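Every chain is numbered from 1 and lettered A, B, ... according to where its sequence line falls, protein lines coming before strand lines. If you're wondering where the values come from, they're calculated on a predicted model, not measured in any experiment.
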Amino acid sequence: MPEIPKTYEPQAVEAKWYQFWLDRQCFTADPARVSEKRPAYSIVIPPPNITGVLHMGHVLNNTVQDILARKARMDGKEVLWLPGTDHASIATHMVLERELKKKEGVTRYDLGREKFIERAWEWKAQYGSIIIAQLKKLGCSCDWSRERFTMDPEYSHCVEKVFVELYKKGLIYRGKRMVNWCPATLTALSDEEVEMEPQKGFLWYFKVEVAEQPGTFLTIATTRPETIPGDTAVAVNPKDPRYVRLIGKHAIRPLPAELPREKKLVPIIADEQIDPEFGTGVLKVTPAHDKADFEIGRRHNLPAVDIMNPNATMNDLAGADLGGLDRFEARKVAVEKLKALGALVKEEPYENKIGFSQRAKVPIEPRLSEQWFLEYPSVDKAQACVEQEGSAPGAGALPEKMRFHPQRWAKVYDHWMNNIQDWCISRQLWWGHRIPVWTKESSRQELVTLLPRATLESWKWTDETRTTRYADGSLEIETLVDQAIVREKTDHKSGETRLLSVLRLKPKDGDRVFIEVATYDEAEAAQLETKGFARDPDVLDTWCSSWLWPFATMGWTGDQSQDSKNATLQTFYPTTDLVTAPDIIFFWVARMIMAGYEFMGEMPFRNVYFTGLIRDKQGRKMSKTLGNSPDPLELIANYGADALRFGTMRSAPPGQDILFDEKDVELGRNFCNKLWNACRFRQMQSGAGVPPAAPETTRETEGRRDACPTLEGEINPALLTSDDKWILLKLDQAIREMDAAFAEYKFSEATSTLYRFFWSEYCDWYVEASKAVLSVGATERQSVGISDAPTLPRSDASTRAARRANKLAVIDFVLGHTLRLFHPFLPVITEELWHGLGYNGDLPANQGGDSIMFAHWPKPLDDDFKAHYGLNESDKGFVDAKYELVTRGRNLRRELNVAANKKVKFILKVKEPLPASEADVIKLLLNAETLDLDPNFAPKKGTPSALSDLGELFLPLEGLVDVEAEKARLKKELAKIDAEIEKVQSKLNNPDFAQKVPPNVLQEHKKRLADWQAKQQQVKSALDSIGG
RNA sequence: GCGCGCUUAGCUCAGCGGUAGAGCACUUCCUUCACACGGAAGGGGUCGCAGGUUCAAACCCUGCAGCGCGCACCA
């Protein structure tokens, strides 16, 4: 590290080391290396969308994963962090359509399905890996050789296989149901893709005449008058006395106005679900355009009249006035029409929540349509496997459970699992996994020619649970319940049976029959197409592939014989940790858990860490339209990736939303710079003849040094100063705190520990104090002392050199540990410094010799180590007192307006003899010209002073003291002391206190009181001496 | 409506039973031979409100208020 610059410049360094890691395959996971001593650790990345560009959410999420992965490597684990991207069916679809329209002015229908998909692949090739490159800039240590995409051929195969399996079990079915329809993207959506948003609107009251009682009117309140033409009933609560007599009669619907009266008659029905308190207690029932109404319609056998087109314009059934209009335009017109008819009673402003398409941001339209649904598998197992808050971990003989961090999300998960609804999985889109189902309607006679021979023989229309088996070469045919034929292939050698396809028949009118074949067998699919079968046009919901991510990425096939030979799958599944945001707990996490149990028979991960959401300074969500989303790459360019990571982690407490402020990144940069300069300082000392110190020998081979790697040969216990012991104890504490923070996934706490330890304890105190030993000539400068027990002859040059060398050894020890503690958070700068300081020097290549990445994570200092180096709490207490004294002395300077750079004389009236080396340190830290140690010092009246455990410190300023100011200063201090004494004394005076409190607490309070009283005494006498 | 979270220094947040903390911002001093992306000292808080438990409460319990977020078929 020659000519190390004054400020850390991350840009070049980051590129250099990232390439270094890639070249040496540091990120690659090898199942063959896993052993009892080297356990496996795995994370699968939440695959970013191929449409995505890196935002702060990714930064947070992936930094956490990288920290976990790097920590695991330093713990000696074989780490797989498996990366990849998601095809993001609907998001990509929208991006493409927008681009097509903008650039070429065409729609996807102009282009046609095949061309469109071709374009999609081109687009993916061009932009799909941008985000991967960006993750590399962040320093992510993913095993890139295993990068996966949810539409890779093997992955798609998994998706289809899973579909056929679930279809076989009857869990996937087709049905005509009310679904969430997005009129913008023209597809159905799942419930999870609908976001409820408050909408300002009106509640319109209109009246309908009762047909059987002319002159009697019912008033109905509605937010959607445009759907009146689709009303097929009017409903009231059966217990509502106002309307009971009207039940069974008919109302005359006002729209479409042009229809004859008899075509507008709708029954007045009674339904428990009607809330008499709301509106007028009368509900218009529109089964085709409202979920609740659809259910009512079902119960009462009402027709559902669809009056809208797929794009949410009104169709002909809406009548002459509304037909062709957009739904919102139609609403206005409908109100006008009601007004004109004299049917509108009143309108009042009203706010209700309506569903929006999550992606297209337009209100969804409840719509009756035929879709594919999935009844979730393995629900019970998935629900039971997550540890709930309050339950004892691993209690009794229960199997190990999955943990959420923070645990409160377990409740949210549980609630959803308890109310789980079938999943609408078909999308009327083109980009995605096409549903592997082929259909054909035919006559029963024709069936003979369409079906495999063996199948035909076994087929019985009335078949129920009877199972028939026909051997036909390697084929086995089985008819199952539920009118399905399952085609399976049995391997003669292994006897293993593999599912190929599933066929279902649905009798239609008369002689007709509807054939549905689900297969992932390409040959069979081709055959079906030649026989006139048509493939289902829809694709699957994106999450139908994402939910397989933890094992499909590891090469899962679903074939026992293959999967059992798959080392990656066997070694790294279940994964250890999942890091994700809580907003996809239902979309992704819950579904992965169910898929894990269903297809792997085991949970997909052991821990789920939920990050918070990143918001801007004002607490708003980050969004492109608000322009409040900072570009992480710009931040990396300006501050460095390490700075971005550190700043983000420091401001991200677990489970809490984060208000992002660029100041945090600035803090990260400043911190890196501090680290840089502290190491630079060490570097500048190296001329003193100290050999480059290896902070660690091997730990596998040498038992005790384990805990403290290093330098038994280099640190001489006899030469350790009190400051050395102090910093070693502080280091020990920092390591323990780090371990505790990691155990609980508390990363912001870990950064606080690092920050405090390194900046406050190491730099501000230890390094400053060490300059008393390191500075050239420090020991030669005259410093008057009365110490009668100097530890060493001070004039001895060789002794001086030895002390200096020892100091540097301690510094190397501490820095070597510190860099390792920092590495998961600051991977680049620590690698640079690790090499720059030569700490890799003597280490085995795979234990830090090549890269700090594989250096061992520091262990807390153990008792043997502490005994050997004579570390104990009393040293710590002494140094604390010393630094306290320094702080008081500096405070004196400041209060007396002594300029910071002015050297002044201090006198310490010592209680106990103080070694000269300690006096040197104090003198240096006080920036004193001299520090006299005089147990008999008799100050002049009014000499400013401060009390400490080591004695009273005086700052004589002949003639310069402003007596009045000094009085004021002392009075202020006295007031503070009095208040403290009052507080402690009132506690001690409480008779209950002494009786009930634990002895150590009582002891502590008594000492506290004594300390304050001593200070009070000192300040009082100082005041007296100047006549205060 | 149900559930969850939050309310601590000007700002953003730690702390969750025994002397109120950090970063930023602020005041003053200092370009002292690692760092001005720095050093030193300092000001600033009745820990949302009201009760309760306890020798002791920011911390535990019960209400209340305000803010935020999920879930829910109130048209």
Side-chain angles (χ1 to χ4, degrees), chain A residues 4 6-8 196 203 220-224 235 273-275 277-286 290-296 350 352-353 366 406 408-409 411-412 415-416 419 582-583 585-586 613 615 617 619 639 643 647 650-653 655-661 663-664 666-685 746 748-749 752 755-756 760 763-764 767-768 771 775-776 886-887 890-895 897-903 925 927 980 983-984 987 990-998 1000-1002 1004-1005 1008 1011-1012:
Chain A
I4 177 167
K6 259 170 98 165
T7 48
Y8 172 54
M196 301 305 274
L203 198 53
I220 303 173
T222 183
T223 54
R224 302 203 61 186
Q273 200 190 308
I274 313 305
D275 177 5
E277 303 296 314
F278 187 87
T280 59
V282 187
L283 175 74
K284 70 193 253 322
V285 184
T286 326
D290 185 281
K291 266 190 183 174
D293 289 8
F294 180 74
E295 291 306 318
I296 297 174
Y350 187 69
N352 63 341
K353 283 191 161 184
R408 63 187 158 82
W409 291 110
K411 197 168 178 178
V412 176
H415 182 256
W416 188 77
N419 296 282
D583 53 350
I585 188 167
F586 310 136
L613 253 44
R615 301 170 177 281
K617 244 191 285 189
Y639 299 98
R650 200 182 139 79
S651 59
Q656 214 70 1
D657 286 357
I658 298 111
L659 304 196
F660 177 80
D661 187 343
K663 283 272 176 200
D664 295 326
E666 200 176 309
L667 171 116
R669 178 202 57 185
N670 294 351
F671 189 75
C672 288
N673 194 242
K674 188 74 178 177
L675 183 60
W676 182 257
N677 274 290
C679 291
R680 182 165 166 256
F681 173 75
R682 166 63 189 89
Q683 181 75 3
M684 291 166 86
Q685 307 300 322
K746 290 185 173 172
S748 67
E749 217 155 87
S752 299
Y755 195 99
R756 185 209 65 230
S760 310
C763 290
D764 290 346
V767 172
E768 290 310 316
K771 288 175 182 173
S775 298
V776 178
V886 169
T887 300
R890 287 166 171 173
N891 175 258
L892 268 186
R893 295 179 62 119
R894 187 72 207 99
E895 297 273 358
N897 281 320
V898 178
N901 60 346
K902 191 173 180 211
K903 300 253 180 203
L925 293 176
N927 194 24
E980 290 298 334
K983 250 161 72 178
V984 187
K987 274 176 120 176
N990 186 335
D992 285 334
F993 185 78
Q995 286 172 13
K996 300 187 180 174
V997 91
N1000 60 322
V1001 176
L1002 182 63
E1004 188 274 325
H1005 275 75
R1008 199 193 306 166
D1011 287 351
W1012 284 118

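A side-chain donor from one of A:R680 and A:N677 sits under 3.5 Å from a side-chain acceptor of the other.
Between the side chain of A:R893 and the backbone N or O of A:A899, at least one donor-acceptor pair lies under 3.5 Å. A:D664 places no side-chain N or O within donor-acceptor distance of the main-chain N or O of A:R650, the cut-off being under 3.5 Å. Between the side chain of A:R890 and the backbone N or O of A:L925 there is at least one donor-acceptor pair closer than 3.5 Å. Judged purely by atom type and a 3.5 angstrom limit, A:H415 has no side-chain atom pairing as donor or acceptor with the backbone of A:K411.
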Pairs under 3.5 Å (Watson-Crick or G-U), crossing ones as [ ], inter-strand ones as |: RNA chain B comes out as ((((((((.[[[[.)..(..]]]].(((((.......))))).....[[[[[..)....]]]]])))))))....
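Distance check on atom C1': B:C60 versus B:C55 gives 16 Å, rounded to whole Å. Nucleotides B:C6 and B:G15 place their C1' atoms 15 Å apart, quoted to the nearest Å. Between B:A25 and B:G39, the distance separating the two P atoms is 13 Å to the nearest Å. B:A40 and B:G45 have their C1' atoms separated by 24 Å, with the value rounded to a whole Å. The gap from the C1' atom of B:U19 to that of B:G38 amounts to 32 Å, rounded to the nearest Å. Spacing between B:C64 and B:C4 at atom P, rounded to whole Å, works out to 14 Å. A distance of about 11 Å separates the P atoms of B:C61 and B:G17, rounded to the whole Å. B:C13 and B:U8: their P atoms are spaced 9 Å apart (whole Å).
Across all strands shown, A:T223 has heavy atoms under 4.0 Å from sugar-phosphate atoms exclusively, and none from any base. Note on A:K903: nothing from the nucleic acid sits closer than 4.0 angstrom, heavy atoms only. At the heavy-atom level, A:K291 lies nowhere under 4.0 Å from the strands shown. Heavy atoms of A:T887 sit under 4.0 angstrom from primed sugar atoms or phosphate atoms, though from no base atom. When heavy atoms are screened at a 4.0 angstrom cut-off, A:F660 is found touching no nucleic acid atom at all. Across all strands shown, A:R650 has heavy atoms under 4.0 Å from sugar-phosphate atoms exclusively, and none from any base. Among the atoms of the strands shown, none is found under 4.0 Å from any heavy atom of A:P582. When heavy atoms are screened at a 4.0 angstrom cut-off, A:R1008 is found touching base atoms of the nucleic acid. Residue A:K411 is classed as a sugar-phosphate contact, given heavy-atom separations below 4.0 Å to backbone atoms only. A:E895 comes within contact range of no nucleotide atom at all, as no heavy-atom separation falls under 4.0 Å. Counting non-hydrogen atoms under 4.0 angstrom, A:E277 reaches nothing in the nucleic acid. Counting any heavy atom pair closer than 4.0 Å across all strands shown, A:K353 reaches a base atom. A:D583 comes within 4.0 angstrom of no nucleic acid atom, judged by non-hydrogen atoms across all strands. Within 4.0 Å of A:R669, counting heavy atoms only, lies at least one base atom of the nucleic acid.
Contact between A:L613 and A:P582 at its shortest, heavy atoms only, is CD1-CD, 4.5 Å. Residues A:R224 and A:K284 come closest through the heavy atom pair O-NZ, 3.7 Å. Taking both residues in full, the closest heavy atoms of A:I220 and A:T280 are given as CA-OG1, 3.8 Å, listed atom of the first, atom of the second, then distance.
Protein chain A contacts RNA chain B from B:G3 to B:A75, reading 5' to 3' and using non-hydrogen atoms of the protein with a distance under 4.0 Å.
Judged by closest nucleotide on RNA chain B, A:T7 is the one of A:T7 and A:H415 placed further toward the 5' end. Along RNA chain B, the nucleotide nearest A:V1001 and the nucleotide nearest A:N670 are compared for position; the residue whose nucleotide lies closer to the 5' end is A:V1001.
Note that A:K674 lies outside the cation-pi zone of A:Y755, set by a 6.0 Å cut-off to the ring centre and a 45° limit from the axis.
Taking 4.5 Å as the limit, some side-chain heavy atom of A:K983 sits within range of a side-chain heavy atom of A:E980.
Partners of A:K291 under the side chain to side chain contact (heavy atoms under 4.5 Å, CB included) rule, at least two apart in sequence or in another chain, are A:M178, A:N180, A:D191.
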